Amino acid sequence: AAEPVSGGEITYGTQTDPVNWNPHQNNQANAFLYLRNIFDTLLEKTENGDFVPSLAESYSVSDDGTVYTFRLRDGVTFHDGEKLDAAAVKLNLDKANETPYSIYAFPNYDSATVVDDRTVEVRLKKPDASFLDSIAYIGWGIISPKSLTEHLNDLPSGGQNLAGTGPFRISSYQKGAQVVLESFDDYNWAPETKAHQGKAYLDKVTYRFLAEPSSRVGALPAQVDVIEGISALDVSKFKDRDGFVYLSNDANGDTFKLSLNAFLSPLDDVRVRQALRDGFDLDALVKSLYRGEIRRAWSHTSPVSPFYDKSLEGAWGNNVENANKLLDEAGWTERDSEGFRVKDGKRLSVRVLYPTQLDREQRSTLLQGISQQLKQNIGLEFIVDLTPSSTYLKEVASGAVHIYPSTWLHSDVRKSLNGLSNGGALATDNKADPSIQPLKDLAAEALATSDNAQRIKIFHELQRKAVIDDVTYIPLLVQAYQIAASNKVNGLGFINQIGSPEGVYDVWVAK
Amino acid sequence: MPLQSILVSLSRRVALGVVVLWFTVTLTFAFLQIVPGDPAALLFGGDEIPTEEQLEEVRRDWGLERPVHEQYLLYIERLVHGDLGRSYQQRTEVATLLYSGVWSTVILAVAGLVLAVVISVPLATLTAGSSTLLRRFAFVFELVTISMPSFWIGIILILVFSFTLNWFPIVALDNPLSLVLPAATIALGLVGQLSQVMRESIERALKEPFILTARSRGLSDGSVRWGHALKHSYIPAATITGTFAGNVLTGVVVTETVFGRPGLGTITVAAITTHDIPLVLGVVIVSAAFFVLVNILVDLSYGLVDKRIGSSV
Amino acid sequence: MSLLRARESAIAPASAVPAAIAEVENLNISFPAGGEGRHVVRDVSFTLHPGRVLAFVGESGSGKSVTARALLGLVGDNAQVRHERLRILDHDYSNATQVDWRRIRGAGIGYVLQDALTSLDPLKTVGFEVGETVLEHRLKTKREIRSHVVDILGRVGIPDGERRYDEYPHQLSGGLRQRALIAAGIAAAPRILIADEPTTALDVSIQVQVLRLLKQSQEKGLAILLITHDLTVASTFADEILVFRQGEVVERGTAGDVLSRPRHAYTKALLQAIPGQQTRGKRLSPLPPLDLVRLRPPSASGGDGGDILEVRNLTKTFHSSTRHPRVAVDHVSFSLEYGRTLGIVGESGSGKSTVARIILGFEHADSGEVLIDGKPWSALPETKRRPRRHLVQLISQDPLGSFDPRHTVLRLLGDALGTLPAYRNTAKRDARSYELLELVGLERLHALRRPRELSGGQRQRVAIARALAVEPRLLVADEAVSALDVSIQAQILDVLRDIQKQLGLSILFISHDLGVVQHISDSVVVMKAGRVVEHGDVNAIFSSPKEPYTRELLNARHSLSHFRPAPVDAI
Amino acid sequence: MSRDNTNNAVTNRLSARPKRLSVAVILSVVFLVLIAIQVLFPEAIATHSPITIDPLAALQPPSREHWFGTDNLGRDLFSRVVHGSAYSVSIGFGATLIALAGGIVFGALAGFGGRWLDQALMRFNDVLMALPSILLALVVVALLGTGLVNTLWAIGIGLIPQFARLVRAEVLVVRNAGYVESAVGFGFSKTAVVCRHVIPNAIHPVFVLATISIGGSILAGSTLSFLKLGPQPPAPEWGLLLSEGRSVIEHAWWLGVFPGIAISLTVLSVTVVGKSLQKRYLQKES
Ligand SMILES: Nc1ncnc2c1ncn2[C@@H]1O[C@H](COP(=O)(O)OP(=O)(O)OP(=O)(O)O)[C@@H](O)[C@H]1O
Ligand SMILES: Nc1ncnc2c1ncn2[C@@H]1O[C@H](COP(=O)(O)OP(=O)(O)OP(=O)(O)O)[C@@H](O)[C@H]1O
Ligand SMILES: [Mg+2]
Ligand SMILES: [Mg+2]
Ligand code: NI
C-alpha cells in the first residue's frame, strides 16, 4: 500500500540461537533467516521452482549435464572489502564439498575450475538434476575468501570475521542472547526475487533469541517488533487483530512424519504398519491441539512442493475396524492384562524415539495422543521415548528403534528422494537391503532425468508406495512457519526454497 | 606477624583449591568418558548418518582415536598452558565461548546476590525476636519463596512485571532495567533461606548478655539491632551466600533459560545436552574455580568480621 | 514475714548515711508469659546512697539480677513490674517511657554484667564499647572520644590504653576484660553503678584486683549495688546486705550484723555451708547423713595402708599446628592412700584436669606412669584396662554432658550396672538402680526423668549414684561442685564425705576453690603451670605454706575474708 | 518440702515449655497426610484416568466435571495432579534417601576413620561441592538417560556432600561428648559406644536436614523437568505438568496454576514440618 521508506531499525524475537554461524555447517532451518541476510548464493530459487541469477549473472549447462559454467556478477564485494571473483567462488565450492568440514557436500561434485576472473566451471561426476538446488541453497552461501583462509576456526561462533556479500553484516553477536546486524551500504546486487534493489531499507536489525514461546508472544509489541514461531493457541492474539500482521506459511520439503523401521519386528510385517497407520484419528488430534492453525499431512512430501501427490488426500487413515482386522490376521490375537495385543507371549509394542531438542509445537503431545488412541483402538503399545540428543544419536545408530519422528526441511530433490527411497530406514545397517533396491533405482532415475514431468511421476509413485503400499512413512503434520509483527513493519516474508522466514532485506518500518 | 599468617593460610588454601580443581576436572573427565554417545557423530553434525570412514576422519582430526589416558594427559597438559580446547559443537575455542558468557553471568549473579542481601538484611533485622505484623508477613513471604520452583517465579515475574505492567523490559539487554527481573528471580531463590538464617543468629545474639549491656548504656532498640546484633549474623549469612555463590551456576541456568539471557548457564545446558565434552569440562573448571575462590574469600572475610577467627586459625 | 518487717524498720538509715539517690519500695516482678505467672520478686525495698555499697546475696535464681535490672527498666519485655515507689536521681520512674529510661541508662546508672566474656560484644573493639555510652549520650564528640576512653581505661587500671583501644575482647585476659567492662560502666560518669557478679568467673588473685578497683570508685562517691552469691565477697565489701531467697528479702542489715549475727535460718544455713578450715570434719548442710552401709562392696575393706593410686613422673605436652607446643603436665608425681582424699588446687590452666584425664585413661601421658591398686594402669592397652575400668570413676563439673541426653536416669544407671556380671538381668538392674537413687537421696520419681529435667544438684547426685553403681575404689572429682550454689555444694560435699567414710572409697578432689579443698581433703597437691609446687598434709600446707606460689594463693583468699564468720552448728 | 529446693523450679520450667503445635504445623501435617493418601490410592481420589485423552474436551477451564480443568489433549488435570503426586513424592523421598545413605556412610567414615581417611574423604567431598549440583545432575542424566529413577539419582548424589558434612560434624561433636568418654570410663568397647551413643545422638539433626531436603529435592526435580531432563511425558510429574503448562499460561491459566500450587504447598508443608522438628530439637538441646 504505502511507499517503502528507508531507515529505522527493528527488534526481531526469534526461537533459535544458531549452533553454528558458518552456512556450510549449519542445518537449522530456523537459523536461515539470519544467514540469508549475511550471505548470497550464486543462484536464487523462485516460487515456481526456477533458478534466477544472484551472484552469478548467468549460467549454462553442458549437453551431457555434467559441466556447469557460472558467469559472476561484476563489482560485488564482501563485507570485509574483498572482491568476489572466480577464485573466491571456487574456494567456496571446494570448501562446501569437503568433508568433514562441510555438511552440505554434494555426492556428485567433482571439481571447480577458474576459467577467468569472472567465470567458474563446475564438473560433476554424473548428471544430477538436484545440483542447482544445492547451488541456490544457503548451505552453499558464498563466504569471503579471507574469512575462509584466515579465520576458518572463528566462523562457527559468528562475529565480525564472518563476512559474506549479503545486504547485512554482523555488527555484534552475544551468544545465547542476540545478534545485531547492520545494513551493508555497498549492497547493490539483489536478485530479482527481491522486492527492491540497492541497500536494505533498515539500518539495523536486532535478532533477540527468545526460546520461551510465551516470552516471544508476550514481548510483542511492547518490546519486540517481529516474532516468529507462534503456537497455535497464541495465534488468535495476532491474527486479524488491529495493530498486528500475522503471516503463516507451509514449509516446503517434507512433512512431519513417523519413519517406520520396516526391518525391525513387529514392523517388518506390513499389516502391522498399516494397522498402526489406520488405528488413530489424526484429524481430531490435530484439531484439538492446533485449532486449525496447522494442517494434518497426507504425504511424505509437503503440499506446497511441486512434487506433491494430491491423490493421497483422504486415501488412508482412521480405519480402526480394518486395522484390528489386519492385526488379527497377522496373528496378534491375544490380549494381555493391560489390554495390549500379544503374539507368542510378546506384546505388540513399538518404541518411538524423539529427541527433546526437536520437540516443539506440542509434537510430543501429539505423539502421546497417538499413543493413547492406538492403545484404546487397536491394543498397540506405542512407547514415546523422549531423550536428549546426545543419547539419541547412539540409540539411532543401534538400529533398535522402531519409529523415528522427523522432518527434513530441504527442498532439495535429491535428499527428498533419498528419504523416500530408503524404506523408512533410521540406521545405516539396512541401507544395503536388497528389498529397497527398486526404490533406489526409481530415485536415481528421477535425479538423472531432465524431464520434469517424468520426475513428478516418479515422485508420485514413490510417495504412494511410502504411504499407502509399504507404509514406511506415516505423515502427521504439514510443517508451518508463522510470523507476527506490529503492523508498522512491512515486507516480511518467507524463503521460497524451504518456506521458513526470510531475511529482512525487503522489510521497512512505517514512520 | 598476622599478615604473614594470613599469607601462609591463604597460600595453603589456594594450594588446596588447586588440588580440588584438578580432582574435579579428572572426575568429570572420567565421568564423561562413560557417557554414551559417539562424540565423532556429534562432530559430524548434519542430518545424514555419517559413514564409518567419515567418522574415522573426524576422530583422527580431534585425537579421539587415542587411548583415553593419552587424551587425558594431553588435556591436562593443554590445561596447564591455559588451553581449554575446542568445542565439538561450535568448533570454537572453549575459552572464547566461556569468556563470552562469563560476564553476563557474573553481572546477573552479583545483582541477584546484592538484591537478596538488600532484601534479607532489613527483613531479618527488623523482624528478629518480634511478633509484629511485619514478622508474620516475612514468615509467609519467606516460606512461599522457598517453596516455589525458581523457573516458576521467573515466569510469573515476567508475566506480571514485564508483559502486563511493562515496568521492566526483558528483551532489550542494553537497558539496565532488563536486569531487574532476572536478578529478582535469583534473589528470591535465596532470600528465604538467607533471612531465616540471619534472623536466627540475630535472635540468638539479642539474647546475649552484651546486648543487655548495650541496652544498659542507653542505646535504642534500633541501634542495638543494627549496631550490635546484625554483625553477629554475618558468618552464617556469608556461609550461605558463599555456598549459593559457589553454586551460582545452578540458579543461573534456570534464570538464563527463562529470561533468554546469554551466559554460562545457557552454555552449560547446551554443552551437556549436545555432549560437548570440551565445553562441559570448561564449564566445570570455571565454576569449580569460582567455587574455590568464593570460599576462600568468604573464609577470609570471617576473620575480618570476627577477629577471634583470624587469630585462632 | 511480719517479724521481718519489724526488723527492717529497726535498721532505718543511720544518721551518718548520706541522702538516698535511689529509692525502691515494694518492688514486685513476675513473668506471666514464662509459665503460670511466675512471681520472681516480691515486695523488695531498698535505697542506694552515694559512697556506699549495697550487696544482694542469695542463691541462683533468687531474683537478685532481676531486681537490679528494674532500676534500669531492663527487666524484659515479658515482665510485669509493680512498685509503690521508684525514684532514681530525684526523678520518678514509676511511669517512665523508653525515652526516659534511655536517658538514665549509662549516664545515670552504670551497669556491669556478670561474665565479662559474654557481656562485651566480641565483634567490637574495647574502645568502641567503652566509648559507646559517651557517644550515645552526646557527652563527647567523635573526635574527643578516643582520648577520653584511653583516659578511662587508665583509670580502671588497664595499662597501655592506646593499644587496648583497638583490641577485641578475646585479646584481653579475664581480669582485663572485667575491668574494661567496668570502664564502660563508668565511662559516662554515672552516680550509681550496678555490678552483677563482677568477680564470679575470675581466679582469686584477679578477684582481688577487681574489687579493689570498685572500692576506689566507691570512695569517690559512687553508689554501688553489688550482686554476688559469694558471702565472703559481700562481707569484705558491702556496707549493707540484702539476703534474697526465692524472690523475697529474708534478711537485711549491715554487713557486720548479717554475717556475724544472722537471724534468719536461711542466712544461717548459707553461712554454715561455706566450706573452709573451720568446717573440716563437720557437716555443711542440714541434711541427715546417708546410710550407705548396704552398698559397701565386699572387697572395699581390704588393702588398708597401701596406695590406691600412684602417679609417677607424668609428663604431657599438647602439640597444635598453630600454637607453640604446650607442656600441660610436667613431671608430676604423687600418691593417694586407700580411704583418703587428696585435693589438687591450682589456678586455671595449671594442668589439674589433664592429670585427672591421664589417671582416668582418657589421655596418654608422654612419659611417666599411673598405678592403680599397685598394678600397672596407664601403661596397659585399652582392652586390658577395660575389665578394671570400673575401679576408677569420674565425677565431673558437668554431669549433664556425661549423660546420654536420650536416656532416662533409670537407663543410665542400668547401663552402668550392665557392665557388672551380677546385673545381667534387667529386673535386678532396675531394683538396684532404685536402691542407688535412694541412697544418694533421690526419689523414685526421678528415675524416669531425663538428665535435662533435673536440677544441677540432682544431676550431680545421679552422677555419683552411677559412679557408685560399678563398685569403684577411687573417685576422681574434677571441679565436681564448682558449678553449684553454696547450699547445694554443701549437700554434695556432705554426700561425698559420707561415701568416703562409709564405703572406704578414695577420692581425688580437684578444685580451684581453696576453701572446698581445705574442707574435704586429707592431703593436698598444689599445681602451677603443670608442675607440683607443693604436696603434703592439708593443715600443714594451709597453715604454713612453704612455697611462694602457695602463699600467694592463700593471701589472695585471705584478703577476701577479713570477715570470717564463725561456723554455726548444725540445726 | 523436697530435699532439693531447685527441684520445683525445674519442674515448673519443664511444664511451662510450650508443647502446643502451631496452626501452620497442624495444617502442614494434614496436607501431607492428604498427599500420602494420594500417593497410595490415586485411583480412589482421581475422578478420571490420568492418561485417557479426549480431543473434544481439550483445554476446558475448571468445572464441576473437571475440577482443575483439562489439558490440550483433554486429559483431566485434577487426576493428573493426583497421580503425579507419586512421582514428585518419590523424587523427594528417593533423592533424600540416597543423599542420606551416602552422607551417613561418607560422614561416618570420615568422622571415625583416622586423620588421613578424614582428609581424603573431605577433599573428595569438596570436589563434589565444587561441582555445581545442576551440572552434576545434568551429567548424571546424560550418563543414565532421563526418567524418574535417574532423576532421583541425579538429585540425590548432588545432595550427598551436604549430608556428609553434617554427619561428620555431628559425629565429631558427639565423639567428644562427655557421655561417650563416660561410657568408655565404664569399660564399654568402642563398637558398643559407637552404636549405643554416637550414632543415635548424631543422627537427629541429620534427620531434620533430611526432612527439609525432601522439599528441596521436589523443587530440584521440577527444575530438571523444566530443562527437559527429568521424567518424560506423559508422566504427570508435577514439575513436568508445570513446565508444560507454562507456555499456555495466558490462555489456560489452570494448567500452570494448579500444578504450581501442588508443588508449593507440598514443599511448604514439608519445610514447615522440618523447621518445627528442628525447633523442637534445638529446644531439647538448650
Ligand atoms: N526474661 C525472663 N523471663 C522469664 N523468667 C525470667 C526472666 N528473667 C529472669 N527470669 C527468672 O527470674 C528468676 C530470677 O532470676 P535472676 O536472674 O534475678 O536470678 P539471680 O538471683 O540473679 O540468679 P543468678 O545468681 O543465677 O544470677 C529466675 O527464676 C529466672 O528464671
Ligand atoms: N586437648 C588439649 N589440646 C591442647 N591443649 C590442651 C588440651 N587440654 C588441655 N590443654 C592445655 O593444657 C593446659 C592445662 O589444662 P587443664 O585443663 O589441665 O587445666 P586446669 O588446671 O584443669 O584448668 P581449669 O582450672 O581452668 O580447669 C592448658 O593450658 C590447656 O590449654
Ligand atoms: Mg544473676
Ligand atoms: Mg579443669
Ligand atoms: Ni586481712
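In this text, all values refer to a predicted model and were calculated from it rather than measured experimentally. Every chain is numbered from 1 and lettered A, B, ... according to where its sequence line falls, protein lines coming before strand lines.
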Novice: Compare all side-chain heavy atoms of D:Ser182 with those of C:Phe403 and state whether any distance is below 4.5 angstrom.
Specialist: no
Novice: Determine the option with the most heavy-atom pairs under 4.5 angstrom with chain D, choosing from C:Arg406, C:His407, C:Arg357.
Specialist: C:Arg406
Novice: Let me see the working for D:Glu181 and C:Ser402 under side chain to side chain contact (heavy atoms under 4.5 Å, CB included), right down to the final yes or no.
Specialist: CA-CA 7 Å; D:Glu181 202 161 70; C:Ser402 74; over 6 Å; no
Novice: Before giving the answer on side chain to side chain contact (heavy atoms under 4.5 Å, CB included), spell out for D:Val184 and C:Glu382 the whole-Å C-alpha distance, their side-chain angles and the decisive distance to 0.1 Å.
Specialist: CA-CA 10 Å; D:Val184 172; C:Glu382 180 61 29; 3.9 Å; yes
Novice: Take atom CZ of D:Phe41 as the centre, draw a 6.0 Å sphere, and report whether it contains more than 12 heavy atoms from other residues, nucleotides or ligands.
Specialist: no
Novice: Give a yes or no on this: more than 12 heavy atoms of other residues, nucleotides or ligands lie within 6.0 Å of atom CZ of D:Arg165.
Specialist: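 No, because the 6.0 Å sphere around CZ of D:Arg165 holds 12 heavy atoms or fewer from other groups.
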Novice: Rounded to the nearest 0.5 Å, what separates atom CG in C:Asp415 from atom NE2 in D:His197?
Specialist: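 Separation between the atoms: 5.5 Å.
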Novice: State plainly whether the residues C:Asp404 and D:Arg196 are in salt-bridge range, i.e. N to O under 4.0 Å.
Specialist: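 Salt bridge absent between C:Asp404 and D:Arg196.
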Novice: Is the OH atom of D:Tyr87 crowded by more than 12 outside heavy atoms at less than 6.0 Å?
Specialist: no
Novice: Do you know the tightest heavy-atom contact between C:Thr419 and D:Phe188?
Specialist: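 Scanning both residues completely, I find the closest heavy atoms to be CG2-CZ, 3.5 Å.
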Novice: With a 6.0 Å cut-off (strictly less than), is the heavy-atom count around CZ of D:Phe93, excluding the residue itself, greater than 12?
Specialist: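 Incorrect, the count does not exceed 12.
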Novice: Does C:Arg466 form a side chain to side chain contact (heavy atoms under 4.5 Å, CB included) with D:Phe186? I'd like the steps, not just the answer.
Specialist: CA-CA 10 Å; C:Arg466 186 172 64 158; D:Phe186 281 103; 3.4 Å; yes
